[in-house]
Amino acid sequence: MRKTNNPSAAAAWEYALKILTRRQQSEQEMRWKLQAKGFPGEVVAATLNRLKDAGLLDDASFAREWATYRLATHPVGPRRLRRELQEHGVAPSLAEGIAGDMFPPEAELAAARELAGKYHRRQGETADHYYQRLARFLWQRGFNGYVVRQVLGELAKEDNYIDSNHLNL
């Protein structure tokens with residue numbers, strides 16, 4: 001990214017508006033981008049305050065919209081959703097709240113079941129290997145261990161694989 005030759009508040013404002021035409025940003029993301037462009041700290045702070053006053057920068061709104069989009073396009077569990085929101089500069093407490101709103105207990109289990117339903121056994125793959133791969137997939141997608149174990153148990157019963165209480169995961 002090229003540094004700016006014009007470190008004025010007006011230039012920072014114009015640059016921030018340009019960024020917001022692409023997608024909504026968290027306050028921290030906007031701070032990072034303005035700083036990377038070379039604007040001084042006081043100009044960055046003034047621009048962020050002006051954006052918030054104008055209603056163009058709102059972390060709660062950003063987090064809700066981003067989480068909704070993320071879950072619709074690439075489903076993940078609450079753990080991963082929280083982490084990704086924090087990577088976008090959302091405060092941990094806000095990320096926790098958004099993930100909690102998006103994932104009441106029954107919704108997390110339903111989302112894990114849906115993902116597991118799309119995850120198929122490979123030709124010639126043993127049942128043990130398939131269930132281990134599925135467990136790893138669900139865990140990496142951010143579902144907690146209890147939910148992963150419950151989904152695997154349900155699938156094992158459906159497959160008449162083994163008693164779901166004896167899954168070795």
Side-chain angles (χ1 to χ4, degrees), residues 1-119 133-152 169:
M1 178 179 299
R2 251 182 24 216
K3 299 281 184 180
T4 184
N5 292 331
N6 182 4
S8 72
W13 176 255
E14 289 299 318
Y15 184 66
L17 292 178
K18 180 180 173 185
I19 291 170
L20 289 171
T21 61
R22 291 185 206 116
R23 76 163 173 85
Q24 194 174 8
Q25 306 283 314
S26 72
E27 182 177 345
Q28 186 61 47
E29 283 179 317
M30 184 63 75
R31 177 178 287 109
W32 290 330
K33 289 177 182 180
L34 290 171
Q35 289 172 339
K37 190 70 172 171
F39 291 104
E42 61 276 355
V43 170
V44 170
T47 303
L48 292 175
N49 287 334
R50 187 174 172 195
L51 289 168
K52 286 189 281 189
D53 291 344
L56 298 173
L57 202 59
D58 177 13
D59 277 0
S61 173
F62 164 78
R64 248 186 315 289
E65 287 183 26
W66 189 88
T68 301
Y69 172 78
R70 178 69 164 109
L71 293 175
T73 59
H74 189 73
V76 295
R79 256 181 341 122
R80 185 155 169 191
L81 182 63
R82 276 191 303 273
R83 181 179 51 87
E84 289 180 0
L85 283 169
Q86 289 176 20
E87 288 173 357
H88 281 277
V90 174
S93 59
L94 180 56
E96 179 72 36
I98 296 294
D101 291 347
M102 298 288 213
F103 282 104
E106 64 280 355
E108 181 178 0
L109 186 57
R113 283 179 181 137
E114 184 178 340
L115 270 180
K118 296 176 182 179
Y119 199 80
R133 218 170 34 86
L134 178 57
R136 187 172 41 253
F137 171 74
L138 292 172
W139 178 258
Q140 289 171 343
R141 282 289 184 98
F143 294 97
N144 75 49
Y146 173 77
V147 169
V148 171
R149 187 167 176 81
Q150 188 169 347
V151 169
L152 292 176
L169 300 171

Can you confirm whether Lys52 sits close enough to Asp58 that some side-chain heavy atom of one is under 4.5 Å from a side-chain heavy atom of the other? no

Closest approach of Leu51 to Ala16 (non-hydrogen atoms, all atoms of both residues): CD1-CB, 3.7 Å

Closest heavy-atom pair, Val43 versus Ala12, reported as atoms and distance to 0.1 Å, is CG1-CB, 3.5 Å

Atom pairs and distances, donor-acceptor, side-chain atoms in residues 103-111, under 3.5 Å, two or more places apart:
{"unit_1": "Glu108", "atom_1": "OE2", "unit_2": "Asn144", "atom_2": "N", "d": "3.2"}
{"unit_1": "Glu108", "atom_1": "OE2", "unit_2": "Asn144", "atom_2": "ND2", "d": "3.4"}

In Å, rounded to the nearest 0.5 Å, how long is the span from CZ of Arg64 to CG of Asp59? 10.5 Å

Say whether Tyr146 and Gln150, considering side chains only, have a donor N or O and an acceptor N or O under 3.5 Å apart. yes

Quick one: is the NZ or CZ of Arg79 closer than 6.0 Å to the six-membered ring centre of Trp139, and within 45° of its axis? yes

Out of curiosity, Met102 CE to Leu85 CG, how far, rounded to the nearest 0.5 Å? 8.5 Å

Side-chain touch Arg50/Leu56, heavy atoms, less than 4.5 angstrom: no

Please walk me through it: do Gln28 and Arg31 pass side chain to side chain donor-acceptor pair (under 3.5 Å)? CA-CA 5 Å; Gln28 186 61 47; Arg31 177 178 287 109; 3.3 Å; yes

Could you tell me if the side chain of Phe39 sits less than 4.5 Å from the side chain of Thr47, heavy atoms only? no

Taking all non-hydrogen atoms of both residues, which atom of Val90 and which atom of Ser26 are closest, and how far apart? CG2-CB, 4.4 Å

So which heavy atom on Trp66 is nearest to which on Glu84, and how close? CH2-OE1, 3.3 Å

Return the minimal non-hydrogen interatomic distance between Ala112 and Leu138, and the atom names on each side. O-CD2, 3.9 Å

Would you check if Phe62 and Glu27 make a side-chain contact, meaning some heavy-atom pair closer than 4.5 Å? no

Does any non-hydrogen side-chain atom of Gln24 lie less than 4.5 Å from one of Ser61? yes

Between Lys33 and Glu29, does at least one N-O distance fall below 4.0 Å, as a salt bridge requires? no

Side chains of Arg82 and Arg80: does their closest heavy-atom pair fall under 4.5 Å? no

Distance check, rounded to the nearest 0.5 Å: Leu81 atom CG versus Phe143 atom CZ? 10.0 Å

Phe137, CZ: over 12 other non-hydrogen atoms inside 6.0 angstrom: yes

Flag side-chain contact, heavy atom, 4.5 Å: Arg133 against Arg136: yes

Do Leu115 and Tyr119 touch side chain to side chain, with heavy atoms closer than 4.5 Å? no

I'd like to know if the side chain of Gln25 reaches the main chain of Arg23, judged simply by a donor and an acceptor atom lying under 3.5 Å from each other, with no hydrogens or angles considered. yes

Do you know the tightest heavy-atom contact between Ile98 and Ala67? CG2-CB, 3.8 Å

